[in-house]
There are 2 protein chains.
Amino acid sequence: MVGAATVSGLRERKKQQTRDALIASAQRLFAAQGYEGTTTGQIAEAVDVSQRTLFRYFANKDEVALAPLDEAQDSFAAALRARPRRETPMTAMRAAMGSVFSGYADDESGPRRLRALGQTFDLIVRTPSLHATHLRRVADREAQIAAIVAEREGVDPVADPRPRLAAAVFDAALQVASTCQRNEPGELDPRALYAELERTLDALPGIFGHWRRTT
Amino acid sequence: MVGAATVSGLRERKKQQTRDALIASAQRLFAAQGYEGTTTGQIAEAVDVSQRTLFRYFANKDEVALAPLDEAQDSFAAALRARPRRETPMTAMRAAMGSVFSGYADDESGPRRLRALGQTFDLIVRTPSLHATHLRRVADREAQIAAIVAEREGVDPVADPRPRLAAAVFDAALQVASTCQRNEPGELDPRALYAELERTLDALPGIFGHWRRTT
DNA sequence: TGTCACTTGTCAGCGACTGACACTAAAATC
DNA sequence: GATTTTAGTGTCAGTCGCTGACAAGTGACA
């Protein structure tokens, strides 16, 4: 339920093809040589395209590396929109994340996409500059999520801080959960990560107050 | 209580001087021409130093721009360490932030440092690449804060997710509060920002559950 | 079929950043 | 106080990310 609608023209199809090829080429090279060890020229050359063309498709090198995440983030927003309004915001976000993960199990191309996702996260963890850009993109997404939550709850998205707060707190939990989960690189296990996320979210209300003799 | 101990050697003193001069020069130029509109060569030239030397003091252009934040972040960590252990983690962090802000009122050099801080935040908001680096640095600080909290509470800093969670949630609240407060650029009002932070932190437990007819 | 709009390659250039080397001046040693 | 050691700096040449401008090729559409 994520794939973009296939477009008609030959031109459009070719464009999509080279874009996909560039992303795939980048992933391969980054995995082999690391992010900084790979030049944009190499990525382009492997697809038989000029470097200039690469920069017509992507604003910068970061965007090529982080492109695999767009799909997952889009599907999270879509899943959140689809949740019934009777659920609380936090519950809805949690459930939306659950359906994103299970989406990778349904599809036949799931494993491949999941591997790409895992590789991208490994790259982010290993590369500070990429980590920085990733965090900014996540912050941008938070605004989108906050808007969806505000609409669900019928509150003012700018005057009321709660939508932004809820989105930010959810992302914080996701962040913490993923650092717990992915101590060693390798395959990304969506089931384990989701379990960790649930544990983290459950621990959330407990951080207020004292912790002593509750460990 | 933040300033580094004045060092003895002439060499050390000169080094500190050029470092400070580079930061000041960068701030002036960034304010006048923006971040991207200013070259590292210009910053160095204004201090009568080669560009190469600038890059011996700072790893990259971002670090020059964000240097004014180091002091504030250091003083937050110090203030948190100084809070009595009877306070809950969230209360301690809130109070620590309070004493950071009031620290700018005590000192005679406070207003100047506060203006520098405000300018830096304006720059961050206006400059995406700087925003990205800033977020990564904040994430790095979170680990430090989490470690302090873990020690305060006597829990394991890696096995227990709560320290990291508390630090991340606090930062999320700070982030939301500051976007509420600083809609238009200009002077940074620490009193108003702290009031907004308190309001945001108070709203935090309320984001769980439903919001309807509670607006 | 011919025109038009769009995509691409080439090239020249800027700015961030780095390694190597020579030079100068503070600092430590005698 | 003279000398040897050490640390900081400037210069230079080079790589890489990224951009503007122009020319050439190729799908779209009448």
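Chain identifiers are assigned alphabetically (A, B, ...) following the order of the sequence lines, protein sequences preceding nucleic acid strands; residue numbering begins at 1 within each chain.
- In this structure, the side chain of A/Lys61 does not engage the main chain of A/Thr39 through any donor-acceptor pair within 3.5 Å.
- For the pair B/Leu165 and A/Ala173, the tightest heavy-atom approach, listed with the atom from each and the gap, is CD1-CA, 3.9 Å.
- Closest-nucleotide positions on DNA chain C for A/Thr18 and B/Asp62 were compared, and the one nearer the 5' end corresponds to A/Thr18.
- Remark: B/Thr38 in residues 22-38 of chain B come within less than 4.0 Å of DNA chain C through at least one heavy atom.
- Rounded to whole Å, the distance from CG on B/Asp48 to C1' on D/dT11 is 15 Å.
- Contact annotation: A/Lys14 does not reach the phosphate of D/dG27 (side-chain N/O to OP1 or OP2, under 4.0 Å).
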Show the numbers, then the answer: is there a side-chain contact (heavy atoms from CB on, under 4.5 Å) between B/Phe101 and B/Arg191?
-> CA-CA 7 Å; B/Phe101 283 137; B/Arg191 216 177 291 272; over 6 Å; no
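- Rounded to an integer number of Å, the gap from B/Lys15 NZ to D/dT9 C1' is 12 Å.
- Residue-to-nucleotide contacts include a donor-acceptor pair under 3.5 Å from the side chain of A/Arg11 to the base of D/dT26.
- From A/Gln119, atom CD reaches atom CG of A/Asp122 across 7.5 Å, with rounding to the nearest 0.5 Å.
- Annotation: proximity of residues 50-61 of chain B to DNA chain D (heavy atom, distance under 4.0 Å) is found for B/Ser50, B/Arg52, B/Thr53, B/Arg56, B/Tyr57, numbered in ascending order.
- Here the P atom of nucleotide D/dG17 and the CG atom of A/Leu130 are 13 Å apart, to the nearest Å.
- The only option from B/Leu123, B/Asp62, B/Thr120, B/Ile124 that meets the side chain to side chain contact (heavy atoms under 4.5 Å, CB included) definition with B/His134 turns out to be B/Ile124.
- Between the CD1 atom in A/Ile207 and the CD atom in B/Glu153 there is a gap of 11.5 Å [rounded to 0.5 Å].
- Between A/Phe55 and A/Asn60, the closest heavy-atom pair is CE2-CA, 3.9 Å.
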Apply the test side-chain contact (heavy atoms from CB on, under 4.5 Å) to residues B/Tyr104 and B/Arg113: give CA-CA distance (whole Å), side-chain angles for both, the deciding distance (0.1 Å), then the verdict.
-> CA-CA 8 Å; B/Tyr104 287 98; B/Arg113 280 163 27 216; 3.6 Å; yes
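- Applying the 4.0 Å criterion to OP1 and OP2 of D/dC16, one finds that A/Thr39 has every side-chain N and O outside that range.
- Here the CZ-CG distance, from A/Arg56 to A/Leu22, works out to 12.5 Å after rounding to the nearest 0.5 Å.
- Atom P of nucleotide C/dT7 and atom CD of A/Gln17 are separated by 15 Å, given to the nearest angstrom.
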